[in-house]
*Asks:* 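Dropping the structure in here first, questions after.
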Amino acid sequence: MTTGDYLAMLNPEQLAAVRHEGRGLLILAGAGSGKTRVITTKIAWLIRERGLEPESILAVTFTNKAAREMQERACAMEPRCSRTIIRTFHSFGSWFLRRNARAAGLDSSFTIYDDDDSTTLVHGFLPEKTRSECSRIASRIAKAKDFALAPDSPGLAAVTSEGDFRRLYGDYEARLRKTGNVDFGDLILLPGRILAENEAIRNRFRQRFRVVLVDEYQDSNVAQFELLRLLAGDEAYVCVVGDDDQSIYRFRGAEVRNILTFPDTFGGIDVVRLERNYRSYQSILDVAGAVVSRNEGRLGKRLVAERKGGRKPVLATLADHDEEAAYCARVVERVRKAGGSYSDVAVLYRTNAQSLAFERLFARIKFPYRIVGSVRFYEREEIKDALAFLAVVSNGRDEVAFRRVVNKPARGVGGVSVQAIVDEAYFGGTAAGGTADGELPGIFEPGNLVAAARRAAGGLTTARARSGLAAFVDLVDRLGASLGPKPVAGEVDEGAVGDTAALPVPPADPERSLARLVERVVMESGLREYHESGDEVQGKQRAANLDELVNAASDYGLSRDGLAQFLEAVELDRAMTIRDPDADAVTLITIHNTKGLEFPVVIVTGLEQGLFPRDDESGEDLEEERRLFYVACTRAKDELHLTWCRRRLFRGKIMESAPSRFLGEIPREAIDTAGGRLPAPALSTGPWKPGLAVYHDDYGPGCVAQVKPTGSGPLVIVRFETGKQLRFFTRYAGLEIVGR
């Protein structure tokens, strides 16, 4: 391949970036602007035209897939690129540590601990804590390492305000060093520490790597920035490629300031902007740009589409989440009738919990779909736990469900005790002709595990196990009683049995919907607290998923038949799984997981205040939400649809919604509207202010810590004297203002 061949495909800005020389370069690459082509071509150009040894070039990125793609594309232009170090940050860190293990106090055959291993290590020196609590501690330690903070670092308080965290972090590090192994944070932190402290190693690596390139630089964290700075020194040519408008991983430790301050931090850095977009029509880019341009923390650019034509993005105002799902289905059907495929359409949402409405409808109308980046709603751990508890309430003979939840959260009922209960149910009272609930004397059939647990509770060896099992059985009994009496064996109530394949009819009285039972299961079983107490980000997602399960049950009546219909519908939905990655199917995906993807038709759903953006966030949080909107819109090649709902379910109750503030930041002439004019958000907080003293009948006295305006009235965060911190919509909360 000649020089002209591999450079001919570049536009003037891309070519300028490839041929740039000097102290260093920031390639500010907008969405769809061909950044991977530029960075791989630059590697080939440095070797072919400037005569650099391939081994003197280091290129790092963030995923194995991206690293493989960079290597393949560079080698296609220049085979000697196979000798260039092209790795992920963590892979490079591992490579570095194995070659400098002695300086790190390690053996070169060390093992890399993943998140689960780190949790196990914490549990080893904190056996009194639950595994979920240990996971939360391990997550905070990982966050500290992302910020390049050691146990004795003065800035450690920025990670958490818990007083004993410094000690716990120190204990963790001591245990980890004794094992001779490293965790993922160490793969970045330890190489940086060695380079900072060992002059000989620092000089050796600076002499080797004369060029350092970083892809997706906007996703780098503080520790990765420090590693880059120490590797490069004052001599290396540093080139980073990224887009400040696509920095959306702050919750993982990504620091957008790394790219915003790059020219000043390294000094003498030039900036090349790649603003030609090869993916989307200009009408789509204008909507994305109108919102993200409101951010103050950005270097600034305007994408210009190379593709001509295209329709305006469509804004659909819908009644509720069911109508939103139906709208998406209509878009899919129209695309298919026009000669497209299911795979042409992607439905995007802010939180995983929102997938349920689309999963349920698509399963019912037999639209194939795939969930990208997460498991299907009903297969998520917290949802399977809640469904298992409901299954036990519905049928005390469900052994699989019983085993899953009888000791989750932990009640002191170990595996031996659980097996004894199962044996009692199968070979105890039933085999001897007993009459456990619902069983006929003298007939051998799978036993009632709840009845067996009731009989076994008093005989367990520890007080915790006895009280824990008794409380479990009592809760199952009380929840079952709320559904009404059990039918007599052999008797069918024809008036109560419905066609479970048909659409359920929501009860006229929301308090008589099955949502009330599901909410009690989630709260009174301890499952919500259990799943919230792990990793902070995952905890919020899991709690939102449990809330969405409550919403899903609101279509069913509070009765045994309603519960049976609900559980059957769940099983039918579970069967509609598309597992073949190449199958023709609609993509359901969170916005965070769309990074690097593109689709002919994109539907961005749930554009309501409190949902997207979340809770009317401000400052850096709001700016990241705007960047998330920008990423969502720029995934679309041909069509972009935006949806918001006037009402949405929250824990089984209908709540009025207000349109997202982002919709108000889009010029009206830039979009077509469906479903009427977009109302202006009315977001008053009334008398609710931070610092108000309040009282709640269930939680006692407290103080308002934060107030957020929403379409359903003020949302307040209250910190109670008990230490609990809870969120309430003031119109439903029963909060009393007692002082100012």
*Asks:* When rounded to the nearest 0.5 angstrom, what distance separates CG in Leu348 from CZ in Arg350?
*Replies:* 12.0 Å

*Asks:* Is any side-chain N of the basic residue among Glu333 and Arg330 closer than 4.0 Å to the acidic one's carboxylate O?
*Replies:*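 Arg330 and Glu333: not salt-bridged.
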
*Asks:* Decide yes or no on side chain to side chain contact (heavy atoms under 4.5 Å, CB included) for Leu227 and Phe96, but give the supporting numbers first.
*Replies:* CA-CA 11 Å; Leu227 178 58; Phe96 179 100; over 6 Å; no

*Asks:* Report, as yes or no, whether the 6.0 Å neighbourhood of atom NZ on Lys595 holds more than 12 heavy atoms from other residues, nucleotides or ligands.
*Replies:* yes

*Asks:* Do Pro12 and Arg276 touch side chain to side chain, with heavy atoms closer than 4.5 Å?
*Replies:*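 Yes - at least one pair of side-chain heavy atoms lies under 4.5 Å apart.
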
*Asks:* Of the non-hydrogen atoms in Ser355 and Leu588, which two are nearest, and what is the gap between them?
*Replies:*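 Smallest heavy-atom distance, with atoms named: O-CD1, 4.5 Å.
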
*Asks:* Fit a plane to each ring of Phe62 and Phe89, take the angle between them on a 0 to 90° scale, and name the class: parallel (under 30°), tilted (30 to 60°) or perpendicular (over 60°).
*Replies:* tilted

*Asks:* Looking at Val241 and Ala29, what are the two nearest heavy atoms and their distance?
*Replies:* CG1-CB, 4.2 Å

*Asks:* Would you call Arg302 and Leu285 a side-chain contact if the rule is heavy atoms closer than 4.5 Å?
*Replies:*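 No, every pair of side-chain atoms sits at 4.5 Å or beyond.
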
*Asks:* Please work out whether the ring planes of His90 and Phe184 are parallel, tilted or perpendicular, with thresholds of 30° and 60°.
*Replies:* perpendicular

*Asks:* Return the set of residues passing salt bridge (charged side-chain N to carboxylate O under 4.0 Å, His left out) with Arg98 (not counting sequence neighbours), or none when no residue passes.
*Replies:* none

*Asks:* Salt bridge (charged side-chain N to carboxylate O under 4.0 Å, His left out) between Arg250 and Asp621: does it pass, once the steps are laid out?
*Replies:* CA-CA 9 Å; Arg250 188 162 169 251; Asp621 291 331; 2.3 Å; yes

*Asks:* How long is the span from the CG atom in Leu640 to the CD1 atom in Ile671, to the nearest 0.5 Å?
*Replies:* 9.5 Å

*Asks:* So, the side chain of Arg627 versus the backbone of Asn295: is there a donor-acceptor pair under 3.5 Å, distance only?
*Replies:*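 No; zero donor-acceptor contacts below 3.5 Å.
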
*Asks:* State, with a plain yes or no, whether a side-chain heavy atom of Phe266 is found less than 4.5 Å away from one of Leu228.
*Replies:*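 Yes, their side chains come closer than 4.5 Å.
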
*Asks:* Give a yes or no on whether a salt bridge exists between Glu226 and Arg229, defined as a side-chain N under 4.0 angstrom from a carboxylate O.
*Replies:*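 Arg229 and Glu226: salt-bridged.
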
*Asks:* Evaluate the side-chain proximity of Gln609 to Arg661: yes if any heavy-atom separation is below 4.5 Å, no if none is.
*Replies:* yes

*Asks:* Sub-3.5 Å donor-acceptor pair from the side chain of Lys42 to the main-chain atoms of His20, do we have one?
*Replies:*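 Such a contact is found between Lys42 side chain and His20 backbone.
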
*Asks:* Which heavy atom of Ala583 sits nearest a heavy atom of Ser343, and at what distance?
*Replies:*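 Minimum heavy-atom contact is O-OG, 3.6 Å.
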
*Asks:* Is it true that Arg279 and Glu598 have a side-chain N and a carboxylate O under 4.0 angstrom from each other?
*Replies:* yes

*Asks:* Does the side chain of Leu7 come within less than 4.5 Å of Arg19's, by heavy atoms?
*Replies:*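 In short, these two side chains touch, coming nearer than 4.5 Å.
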
*Asks:* Go through the steps for Thr605 and Tyr327 under the test side chain to side chain contact (heavy atoms under 4.5 Å, CB included), then give the verdict.
*Replies:* CA-CA 10 Å; Thr605 64; Tyr327 176 86; over 6 Å; no

*Asks:* Among side-chain atoms of Glu216 and Gln218, is any donor-acceptor pair under 3.5 angstrom?
*Replies:* yes

*Asks:* Check whether any side-chain N or O of Thr88 sits under 3.5 Å from a backbone N or O of Thr63 as a donor-acceptor pair, and report yes or no.
*Replies:*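 Between the backbone of Thr63 and the side chain of Thr88 there is no qualifying donor-acceptor contact (under 3.5 Å).
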
*Asks:* Are side-chain N/O atoms of Asn593 and Thr590 paired as donor and acceptor at under 3.5 Å?
*Replies:*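 A donor-acceptor contact under 3.5 Å links the two side chains.
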
*Asks:* Could you check Asp219 against Gln224 for side chain to side chain contact (heavy atoms under 4.5 Å, CB included), going step by step and ending with a plain yes or no?
*Replies:* CA-CA 10 Å; Asp219 294 335; Gln224 289 161 343; over 6 Å; no

*Asks:* Can Gln282 and Asp286 be counted as having a side-chain donor-acceptor contact under 3.5 angstrom?
*Replies:* yes

*Asks:* Do the non-hydrogen side-chain atoms of Glu13 and Val38 ever get within less than 4.5 Å of each other?
*Replies:* no

*Asks:* Looking only at non-hydrogen atoms, find the nearest pair between Phe612 and Gly606 and report the distance.
*Replies:* CB-O, 3.6 Å

*Asks:* Run the salt-bridge test on Arg311 and Asp672 with the 4.0 Å N-O cut-off and return the result as yes or no.
*Replies:*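 Salt bridge between Arg311 and Asp672, a charged N being under 4.0 Å from a carboxylate O: no.
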
*Asks:* With under 30° as parallel and over 60° as perpendicular, where do the rings of Phe367 and Phe362 fit, or are they tilted in between?
*Replies:* tilted

*Asks:* Using a 4.5 Å cut-off on heavy atoms from C-beta on, say whether the side chain of Ile201 contacts that of Arg204.
*Replies:*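 Yes, close enough: below the 4.5 Å cut-off.
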
*Asks:* Any chance you could measure Ile39, atom CD1, to Arg73, atom CZ, to the nearest 0.5 Å?
*Replies:*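 Reported to 0.5 Å precision, the distance equals 11.0 Å.
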
*Asks:* Grab the two heavy atoms, one from Val291 and one from Arg626, that are nearest each other, plus how far apart they are.
*Replies:* O-CD, 3.1 Å

*Asks:* Tell me the closest heavy-atom pair linking Cys81 and Ile43, and the distance in Å.
*Replies:*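 What the structure gives for the nearest pair is SG-CG2, 3.8 Å.
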
*Asks:* Just by modelled atom types, is the Gly300 backbone N or O under 3.5 Å from a matching donor or acceptor in the Arg273 side chain?
*Replies:*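 A pair under 3.5 Å: yes.
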
*Asks:* Are any side-chain N or O atoms of Thr61 and backbone N or O atoms of Ala67, one a donor and one an acceptor, separated by less than 3.5 Å?
*Replies:*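 Checking the backbone N and O of Ala67 against the side chain of Thr61, no donor-acceptor pair under 3.5 Å is found.
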
*Asks:* For Phe358 and Tyr369, I'd like to know if the aromatic rings sit close, meaning centre-to-centre distance below 6.0 Å.
*Replies:* no

*Asks:* Hey, what do you get for CZ (Arg210) to CD (Glu53), rounding to the nearest 0.5 Å?
*Replies:*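 If I round to the nearest 0.5 Å, the distance is 12.5 Å.
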
*Asks:* Stepwise, does the side chain to side chain contact (heavy atoms under 4.5 Å, CB included) test hold for Asp183 with Lys145?
*Replies:* CA-CA 10 Å; Asp183 59 22; Lys145 292 188 177 187; 2.9 Å; yes

*Asks:* Test your reading of the model: is there a side-chain donor-acceptor pair from Glu623 to the backbone of Glu296, 3.5 Å cut-off?
*Replies:*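 It does hold such a pair.
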
*Asks:* For Leu597, give me all partners under side-chain contact (heavy atoms from CB on, under 4.5 Å), at least two apart in sequence or on another chain.
*Replies:* Ile589, Phe599

*Asks:* Would a distance-only check, ignoring hydrogens and angles, find a side-chain to backbone donor-acceptor pair under 3.5 Å from Ser56 to Arg208?
*Replies:* no

*Asks:* Taking Ala290's backbone N and O only, do any of them form a donor-acceptor pair with Ser293's side chain (distance below 3.5 Å, no angle check)?
*Replies:*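 Pair found, side chain donor or acceptor close to backbone of Ala290.
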
*Asks:* Say whether, by atom type as modelled, one donor and one acceptor occur between the side chain of Gln246 and the main chain of Gly596 under 3.5 angstrom.
*Replies:* no

*Asks:* To the nearest 0.5 Å, what is the distance between NE2 on His641 and CG on Leu315?
*Replies:*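 If I round to the nearest 0.5 Å, the distance is 11.5 Å.
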
*Asks:* For the residue pair Arg37 and Leu274, establish whether any side-chain heavy-atom pair is separated by less than 4.5 Å.
*Replies:* no

*Asks:* What orientation do Phe662 and Phe629 show, parallel under 30°, tilted 30 to 60°, or perpendicular over 60°?
*Replies:* tilted

*Asks:* CG of Leu187 to OH of Tyr113: how many Å apart, nearest 0.5 Å?
*Replies:* 13.5 Å

*Asks:* Look only at the side chain of Asp146 and the backbone of Gly185, and say whether a donor-acceptor pair between them is shorter than 3.5 Å.
*Replies:* no

